[in-house]
Amino acid sequence: MSDALNTFEASRAEKLQRLKELQIDPWGGRFDDHRPIREIRALDPEAEPPHQVRAAGRILQRRVQGKVHFVDIWDWTGRIQVYLGQKQIGELGWKITQNLDLGDLIGVDGILKKTRTGELTIFADKLTFLTKSLEPHPDKWGGMQDIEYRLRHRYLDLIYTPETLDRALKRVKIIRTIRNFLDNEGYLEVETPVLHAIAGGAAARPFVTHHNALNIQLYQRIALELHLKRLLVGGLEKVYEIGRVFRNEGISPKHNPEFTMLELYQAYGDYHTMMDLTENLIVAVVRELLPDANAPLKLPYGQGEIDFTPPWQRASYAELFQQHIGVAMDDRVGVEQAARKHGIVTTGKDHDVLVHELFEECVEDKLQGPVFVYDYPAGLCPLTKRKRDAEHIAERFELYIQGMELANAYTELNDPITQEQTFRTQLAGLPEEESMARMDEDFVRALRYGMPPAGGLGIGIDRLVMLLTNTQTIRDVILFPLLRPEK
RNA sequence: GGAGGCGUAGCUCAGUCGGUAGAGCAACGGACUUUUAAUCCGUUGGUCGUGGGUUCGAGUCCCACCGCCUUCACCA
């Protein structure tokens with residue numbers, strides 16, 4: 001602790017003590033019937049008699065003018081000026097006023113009028129102290145600039161960086177819209193386990209944990225897929241879950257170790273069903289974020305904007321491959337040559353692995369979208385049904401927007417015999433932890449009882465929120481992203 | 001993991017060629033009953049990320065480490 005901090009703390013602690021001496025509880029208590037500041041701001045300041053209002057909020061600014069203090073208080077709906085005059089506020093109120101600091105929480109009762117400079121103001125006749133802030137708050141003008149400081153003090157970031165609160169509120173709105181949409185479509189929201197004995201449904205390294213009483217190793221889920229499909233077997237024809245998944249991998253502007261996935265499954269559908277659904281779902285969400293129903297379906301992103309006007313482009317994996325790489329994806333010799341040209345190590349790698357490495361290298365960034373890329377090399381898709389007339393192609397699509405994979409969908413593989421084989425097939429060129437060749441016998445057994453043919457869809461909610469709120473880093477759409485602990 | 005950048009007061013930031021550590025806001029004292037980043041007068045506040053090294057002298061140069069950011073790798 002530096003001396004400076006001690007000075008700040010001492011000053012605030014001293015005021016805390018003075019409040020106690022005034023018989024004021026510096027930690028406040030119940031304060032009923034205060035109105036959101038946004039509502040108060042909507043009232044008519046010219047009304048006769050003036051509106052009597054009660055507000056509660058945090059002091060963000062103060063202008064002291066002798067026997068009058070002007071303080072700006074803030075709540076999560078807005079900010080308003082409060083006039084605290086020595087005569088108007090009463091003897092005790094004036095003593096409290098002497099001991100206010102920036103960052104304290106107060107409640108005020110008073111009338112709503114404009115000052116002579118036209119500022120909407122609560123002229124307080126009663127001041128209720130609600131909570132002391134013992135720490136100094138960020139600069140009232142400079143705000144918070146240091147990224148690490150913002151992340152480690154997200155509670156302050158919500159107060160002092162308006163965009164942070166705005167994104168948090170939009171995220172809630174986006175997820176609520178998704179739920180409303182799916183509920184209206186007849187989907188059932190379910191909850192499946194987070195702790196898995198086998199971390200299946202995706203290719204990712206899991207977090208490992210341990211259950212003491214059973215003395216077994218458990219994994220935190222890396223996907224929702226396999227349990228939701230078990231529910232299809234159980235006759236729940238349309239199910240979804242919005243849940244947290246955990247992947248023990250790198251952190252980047254597009255990756256957080258825990259993130260939120262939407263997965264949904266529809267019996268008797270296929271990947272084309274899912275394409276239509278995805279488009280309708282996201283368009284519904286975009287509409288909720290637009291100012292009015294007639295606004296064009298466009299949202300700003302980075303330097304440009306994203307046009308969500310349907311119908312979205314639909315392009316096959318093979319045609320994009322041909323277009324951007326210049327060879328057919330089933331041309332084994334051509335693919336190998338192209339891979340080497342791009343510096344990709346080819347020895348010992350499966351053809352489908354090479355194809356996809358090339359695709360990621362040369363095509364993904366260019367997919368500004370929204371564009372549905374469909375019909376993937378089957379080797380990469382062990383949970384996907386193969387095309388009836390082309391065994392090497394899987395009925396899968398991914399939705400790309402701004403070069404980001406946003407959604408991933410299949411016609412689900414419901415053939416237990418093929419499923420068992422693909423679980424056992426270790427693709428050459430993929431390290432074990434990246435492989436989906438993890439046998440889940442219980443899941444295969446479920447398929448053996450008969451899973452209806454189905455379409456399934458996964459959407460990365462965090463990335464969707466990024467795209468819809470013009471946010472460049474996943475850490476700003478997650479309130480508390482993972483940080484290295486302070487020592 | 002590789003490469004590059006950054007780390008100075010509570011917050012936001014300067015700090016030139018290596019020569020006594022700076023500003024605004026905040027805080028403290030004073031004036032002020034309609035201010036708007038209020039103003040005015042005065043004051044306090046520093047392990048310059050940490051540890052070494054070079055030097056008469058290091059915030060500044062060198063090395064190592066820590067943290068953050070960017071980028072690459074990784075993330076089917």
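Numbered from 1 within each chain, the chains take letters A, B, ... in sequence-line order.
- Going from the P atom of B:rG19 to that of B:rC61 covers 11 Å, rounded to whole Å.
- With rounding to whole Å, A:E360 atom CD is found 11 Å from B:rC74 atom C1'.
- Under the Watson-Crick or G-U wobble criterion, with both distances below 3.5 Å, B:rA37 has no partner in any strand shown.
- The stretch residues 80-89 of chain A participates, sequence neighbours left out, in no salt bridge (Lys or Arg N to Asp or Glu O under 4.0 Å) pair at all.
- Annotation: B:rG42 and B:rA64 have their C1' atoms spaced 46 Å apart (nearest Å).
- Taking the six-membered ring where the residue is Trp, A:W94 and A:H69 present perpendicular rings, their angle passing 60° and hence far from 30°.
- Among B:rG67, B:rU33, B:rC28, the nucleotide with an atom closest to any side-chain atom of A:E148 is B:rG67.
- The one candidate from A:H227, A:E241, A:K229, A:E225 that meets the side-chain contact (heavy atoms from CB on, under 4.5 Å) condition with A:E263 is A:E225.
- Rounded to whole Å, the distance from CG on A:D101 to C1' on B:rC28 is 11 Å.
- Across all strands shown, B:rC74 has no partner, as no Watson-Crick or G-U wobble contact with both distances under 3.5 Å is found.
- OP1 or OP2 of B:rC28 has at least one side-chain nitrogen or oxygen of A:K15 nearer than 4.0 Å.
- The gap from the C1' atom of B:rG45 to that of B:rC11 amounts to 13 Å, rounded to the nearest Å.
- Between A:R152 atom CZ and B:rC11 atom P the separation is 14 Å, expressed in whole Å.
- Contact annotation for A:F259: no contact, since no heavy-atom pair falls under 4.0 Å across all strands.
- Judged by closest nucleotide on RNA chain B, A:T473 is the one of A:K254 and A:T473 placed further toward the 5' end.
- Within the structure, every pair that satisfies the salt bridge (Lys or Arg N to Asp or Glu O under 4.0 Å) test and touches residues 63-78 of chain A, not counting sequence neighbours, is listed here: A:R63-A:D72, A:D72-A:R79.
- In a base pair of the Watson-Crick type (N1 to N3 plus N6-O4 or O6-N4) or a G-U wobble (N1-O2 and O6-N3), with each distance short of 3.5 Å, B:rA14 is matched with no nucleotide.
- Following rounding to the nearest Å, A:R475 (CZ) and B:rC68 (P) show an atom-to-atom distance of 7 Å.
- The separation between A:L482 atom CG and B:rC68 atom C1' is 14 Å, rounded to whole Å.
- In this structure, the ring of A:F359 has its center less than 6.0 angstrom from the ring center of A:Y317.
- B:rU44 sits 24 Å from B:rG49 when the P atoms are compared, rounded to a whole Å.
- To the nearest 0.5 Å, atoms CD (A:Q52) and CG (A:L43) are separated by 11.5 Å.
- Of all nucleotides present, none satisfies the Watson-Crick or G-U wobble test against B:rG59 with each distance under 3.5 Å.
- Taking the P atom of each, B:rA3 and B:rU39 are spaced 49 Å apart, rounded to whole Å.
- In this structure, the CG atom of A:L102 is 11 Å from the C1' atom of B:rC11, given to the nearest Å.
- The side-chain contact (heavy atoms from CB on, under 4.5 Å) test with A:Y160 singles out one residue from A:L156, A:L158, A:D157, and that residue is A:L156.
- Without hydrogens or angle criteria, A:T473 side chain to A:R475 main chain gives a donor-acceptor distance under 3.5 Å.
- For the C1' atom pair drawn from B:rC56 and B:rG18, the interatomic distance equals 12 Å after rounding to whole Å.
- What separates CG of A:L151 from P of B:rG67 is a distance of 16 Å, to the nearest Å.
- With a cut-off of 3.5 Å on both Watson-Crick or G-U wobble distances, the partner of B:rA64 is given as B:rU50.
- With a cut-off of 3.5 Å on both Watson-Crick or G-U wobble distances, the partner of B:rA27 is given as B:rU43.
- Residue contacts for A:Y83: at a heavy-atom cut-off of 4.0 Å it reaches a base atom on one of the strands shown.
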Sugar-phosphate or base contact per nucleotide [nucleotides 35-40 of chain B; S, B, -; heavy atom under 4.0 Å]: BBBB--
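- Judged by the 6.0 Å and 45° rule, A:R154 forms no cation-pi pair with A:F480.
- Between B:rA14 and B:rA73, the distance separating the two P atoms is 32 Å to the nearest Å.
- Whole-Å rounding puts the A:R484 CZ to B:rG7 P distance at 20 Å.
- Between B:rG24 and B:rA9, the distance separating the two P atoms is 16 Å to the nearest Å.
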